[in-house]
There are 2 protein chains.
Amino acid sequence: MELKFNAPGKLMLALFLVFGLSGCQALSGPDSRPDIMGTGDLGLIVERATGSVLVINTSRHEVLGRIEGLGDLSHASVVYSRDARYGYVFGRDGGLTKVDLLSQSIVDRVIQSGNSIGGAISQDGRYVAVSNYEPGGVKVFDSQTLELVADVPATYTSGHGETGQSKTVGLVDAPGNLFVFSLFEAGEIWTLDMSDKSAEITRFEAGESPYDALITPDGRYYIAGLFGEDGLSMLDMWNPGQGVTEILPGYGKGEQKLPVYKMPHLEGWAIADGRAFVPAVGHHQVLVADMTDWSLVDRIPVQGQPVFVMASPDNRRIWVSFAHPDNDVVQVIDSQTREIVRTLEPGEAVLHMEFTPRGEEVWVSARDSNRVTVYNTRTLEPVATLSAEKPSGIFFTSRAHALGL
Amino acid sequence: MELKFNAPGKLMLALFLVFGLSGCQALSGPDSRPDIMGTGDLGLIVERATGSVLVINTSRHEVLGRIEGLGDLSHASVVYSRDARYGYVFGRDGGLTKVDLLSQSIVDRVIQSGNSIGGAISQDGRYVAVSNYEPGGVKVFDSQTLELVADVPATYTSGHGETGQSKTVGLVDAPGNLFVFSLFEAGEIWTLDMSDKSAEITRFEAGESPYDALITPDGRYYIAGLFGEDGLSMLDMWNPGQGVTEILPGYGKGEQKLPVYKMPHLEGWAIADGRAFVPAVGHHQVLVADMTDWSLVDRIPVQGQPVFVMASPDNRRIWVSFAHPDNDVVQVIDSQTREIVRTLEPGEAVLHMEFTPRGEEVWVSARDSNRVTVYNTRTLEPVATLSAEKPSGIFFTSRAHALGL
């Protein structure tokens with residue numbers, strides 16, 4: 001063993017090196033049965049135009065197979081069973097499809113509404129909830145059988161005295177086996193407690209026309225964006241009795257000077273170093289808010305209107321995707337200096353980014369290039385590309401273990 | 001659909017209920033081949049006296065099988081491959097054993113030192129590092145083949161001019177494909193960069209006799225406890241050029257008035273609501289520190305000397321286990337009010353606690369009762385018990401996706 005000092009407090013090691021690995025890690029064992037494998041490094045890529053999903057392996061950067069027949073997958077999203085074997089795909093056409101990543105096939109499929117916009121799986125993994133636009137409301141299904149367990153129509157009475165079912169948005173799971181969602185027409189946030197058979201609902205005033213929402217990674221703060229007024233509505237799940245409070249009062253259309261091509265996604269908000277990095281609405285900026293009092297502390301200029309503003313799992317960098325017509329690049333911001341460190345060009349119409357759970361790589365979909373590019377998050381260089389048909393959302397099975405995704 | 005209002009802003013829903021589920025969720029599909037399953041809800045329980053591990057399923061609260069022949073498993077710990085299929089078990093006798101959770105068998109086993117104390121897997125899953133007491137140093141293995149990749153002897157020169165290999169402790173993985181560990185005799189913290197073949201080492205002065213360490217969940221702060229002096233040594237991985245700083249200067253033996261039965265584990269530190277909940281050394285207290293300046297803000301009286309102080313994944317409650325002779329109970333603290341909300345009695349000699357990844361349940365091992373008890377974290381009531389031979393550490397496969405565990 002020879003140690004060579006090249007700087008005070010720093011040394012290079014002449015290593016006993018057996019760096020014989022190639023660029024990817026193969027799964028151990030030459031199993032002849034391909035359906036025997038761990039499911040921790042698998043995922044699904046939504047192919048929105050063809051109603052199909054690709055089953056992928058993140059260790060090998062490989063497509064394992066394609067599952068077809070999932071209907072209209074525009075704006076589709078996925079949650080996973082707690083064993084990380086089954087994906088629940090929420091289609092735009094009201095379809096809820098349960099797919100098996102091991103056999104790469106559809107296990108079950110129900111058309112549960114006319115138009116849906118995402119869903120969630122309960123903390124205990126027993127229930128899958130779907131957020132519906134048409135006819136509105138939320139439906140809850142047994143995650144094993146896809147049998148209907150609870151139907152929450154989200155009925156409201158308008159200012160004109162008419163009753164109807166509200167569109168629901170921003171549906172997430174929360175600790176205590178809750179689901180939380182927002183009612184667009186009713187201007188409310190509801191919690192649905194699935195911890196026992198009473199399935200109690202609690203209602204909160206939320207402001208005008210909530211259009212999307214997020215919950216912080218520990219499940220404490222539920223934050224809804226408002227289409228009808230400025231500011232954001234926040235519900236502290238630890239202190240629900242305090243009701244909804246307004247944060248970032250200037251946020252939204254009030255500061256809008258450019259046409260808004262796409263309302264930014266709230267799911268992707270980055271929280272790093274006590275600061276929330278937030279997509280500005282209609283501006284070429286990422287906003288930085290102090291989470292202790294939710295005051296605006298900085299505005300970071302970026303090259304377009306941000307859609308997703310996501311922190312890598314180590315919070316070290318913030319990755320930003322953009323709305324049309326500036327949607328062919330991704331910008332990477334240092335969360336400490338708040339400077340842009342790299343502008344990447346993954347292809348045309350970048351729609352989504354998904355980090356591997358420990359953050360060493362990120363997968364980026366470019367719809368109009370029919371391509372998914374994998375970047376090393378340290379070097380910011382591409383390490384693999386995969387072909388996909390009009391890829392949109394990318395969802396790894398590690399989501400099975402995270403709250404609020 | 002009938003809505004019954006029972007309080008302003010609150011309603012009970014007469015549900016379309018199909019609550020036909022029993023108390024546990026069975027895996028879908030009557031697969032006749034038991035090795036075809038998702039690996040997201042599996043785990044290992046160390047049976048320290050018999051050199052065996054139990055493979056368990058957290059959805060069904062079931063033991064799937066026992067793997068024997070792992071040597072001396074006192075103080076053993078486990079990390080997982082990134083596909084969540086293989087566990088790497090670090091035994092006290094220097095044994096590194098790779099087990100397959102699907103086939104419930106040993107894949108490979110090497111005796112890599114005379115005495116070891118835990119290990120880590122690199123961010124990219126390619127390397128497994130082991131921390132050694134005898135002869136000291138750190139060895140790094142290919143996670144697929146268990147071939148030796150790097151040997152870091154951790155050589156140091158004592159005050160008397162003698163050279164030797166330092167015992168290493170507190171070995172964790174960190175972002176950028178680093179390993180970080182502390183050298184007990186040398187009083188240093190070293191980082192080992194496994195992102196390329198140079199395997200560069202960087203050294204930092206760390207204070208006298210670091211005995212254990214933790215890294216915060218985002219991989220930013222590495223904090224080492226010191227046996228030889230008061231205070232804790234913290235390395236900011238975002239700003240390593242600033243070197244190690246001292247935090248909580250009064251922490252440690254200086255405030256010790258009772259005999260110390262066991263130095264508390266640092267891995268288990270809870271971080272909730274901007275506060276770190278820290279086991280006091282030799283006192284019947286949990287300390288609360290403000291993470292912005294690491295000042296001590298509170299002392300919570302508990303019933304014994306704390307060993308593990310762990311936050312549930314939602315940070316809502318702090319779970320505390322204790323050193324001998326008060327080690328037959330677990331106390332649960334509300335992280336907001338800082339009051340003890342329940343004292344549980346899981347059995348004799350409670351050694352470890354492991355939360356399911358989304359926090360709905362926690363598994364608690366009671367060595368001298370040969371029992372593992374599963375608690376619902378919401379009701380704090382037991383929901384299942386499993387028999388185990390002198391169980392100690394409990395490790396779920398979701399650790400495959402977490403930094404620094």
Side-chain angles (χ1 to χ4, degrees), chain A residues 1 9-13 15-19 21 25 27-28 35-36 38-41 59 82-86 102 123-126 142 144 147-153 155 175-177 195 197-203 218-219 238 314-316 336 357-360 378 397-398 400-401 403, chain B residues 1 3 9-13 15-19 21 25 27-28 35-36 38-41 59 82-86 102 107 123-126 144 147-153 175-177 195 197-203 218-219 238 314-316 336 357-360 378 397-398 400-401 403:
Chain A
M1 214 52 227
K10 208 162 182 180
L11 73 163
M12 294 291 293
L13 194 62
L15 287 167
F16 177 75
L17 281 173
V18 198
F19 274 92
L21 278 178
Q25 179 186 25
L27 294 173
S28 288
D35 49 359
I36 296 185
T39 53
D41 57 351
S59 298
R82 72 190 303 286
D83 62 355
R85 173 174 181 174
Y86 301 101
L102 288 180
Q123 183 186 28
D124 66 3
R126 283 200 215 169
D142 179 324
Q144 197 180 339
E147 285 172 15
L148 187 64
V149 171
D151 188 351
V152 181
T155 309
N177 231 39
S195 66
K197 298 185 182 183
S198 69
E200 191 179 43
I201 288 174
T202 309
R203 296 158 57 156
D218 63 0
W238 290 17
D314 65 358
N315 293 335
R316 191 70 190 82
Q336 191 166 234
R358 305 170 105 214
E360 73 278 16
R378 185 178 49 79
T397 54
S398 50
H401 306 313
L403 285 164
Chain B
M1 216 52 228
L3 296 177
K10 207 162 184 179
L11 71 163
M12 296 291 293
L13 195 62
L15 287 167
F16 177 73
L17 281 173
V18 199
F19 273 94
L21 277 178
Q25 180 187 26
L27 295 172
S28 288
D35 49 359
I36 297 184
T39 53
D41 57 352
S59 298
R82 72 190 302 288
D83 62 356
R85 173 175 180 174
Y86 300 101
L102 287 180
V107 176
Q123 184 185 27
D124 67 2
R126 283 199 215 171
Q144 196 180 339
E147 284 171 17
L148 187 65
V149 171
D151 188 350
V152 182
N177 231 38
S195 66
K197 297 185 183 184
S198 69
E200 190 179 42
I201 287 173
T202 309
R203 296 157 56 154
D218 63 0
W238 290 17
D314 65 358
N315 293 336
R316 191 67 190 82
Q336 191 166 234
R358 303 170 106 215
E360 73 279 16
R378 184 178 48 79
T397 54
S398 49
H401 307 314
L403 285 163

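First the proteins, then the strands, lettered A, B, ... as listed; each starts at 1. Values below: all heavy atoms of this structure, side chains included; hydrogens, waters and symmetry mates excluded.
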To check you understand the geometry: which heavy-atom pair defines the closest contact between [X] and [Y], and what is its length?
| X | Y | value |
| --- | --- | --- |
| A:Q123 | B:G359 | NE2-C, 3.5 Å |
| A:R85 | B:I36 | NH1-O, 3.5 Å |
| B:G38 | A:L102 | N-CD1, 4.2 Å |

Just so I understand: if I count every heavy-atom pair under 4.5 Å between each of A:E360, A:R358, A:H401 and chain B, which residue has the most?
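The option with the most such pairs is A:R358.
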Using the test side chain to side chain contact (heavy atoms under 4.5 Å, CB included), find all partners of A:T397 that sit at least two apart in sequence or belong to another chain.
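Scan of A:T397 (side chain to side chain contact (heavy atoms under 4.5 Å, CB included), adjacent residues dropped) gives A:L42, A:Y80, A:A84, A:L101.
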By salt bridge (Lys or Arg N to Asp or Glu O under 4.0 Å) - contacts of B:R378 (at least two apart):
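Here no residue qualifies.
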Pair B:D83-A:T39, side chain to side chain contact (heavy atoms under 4.5 Å, CB included): steps then yes or no:
CA-CA 6 Å; B:D83 62 356; A:T39 53; over 6 Å; no
What verdict does the side chain to side chain contact (heavy atoms under 4.5 Å, CB included) test give for B:W238 and A:N315, after you've listed the backbone C-alpha separation in whole Å, the side-chain angles of each residue and the deciding distance to 0.1 Å?
CA-CA 10 Å; B:W238 290 17; A:N315 293 335; 4.1 Å; yes
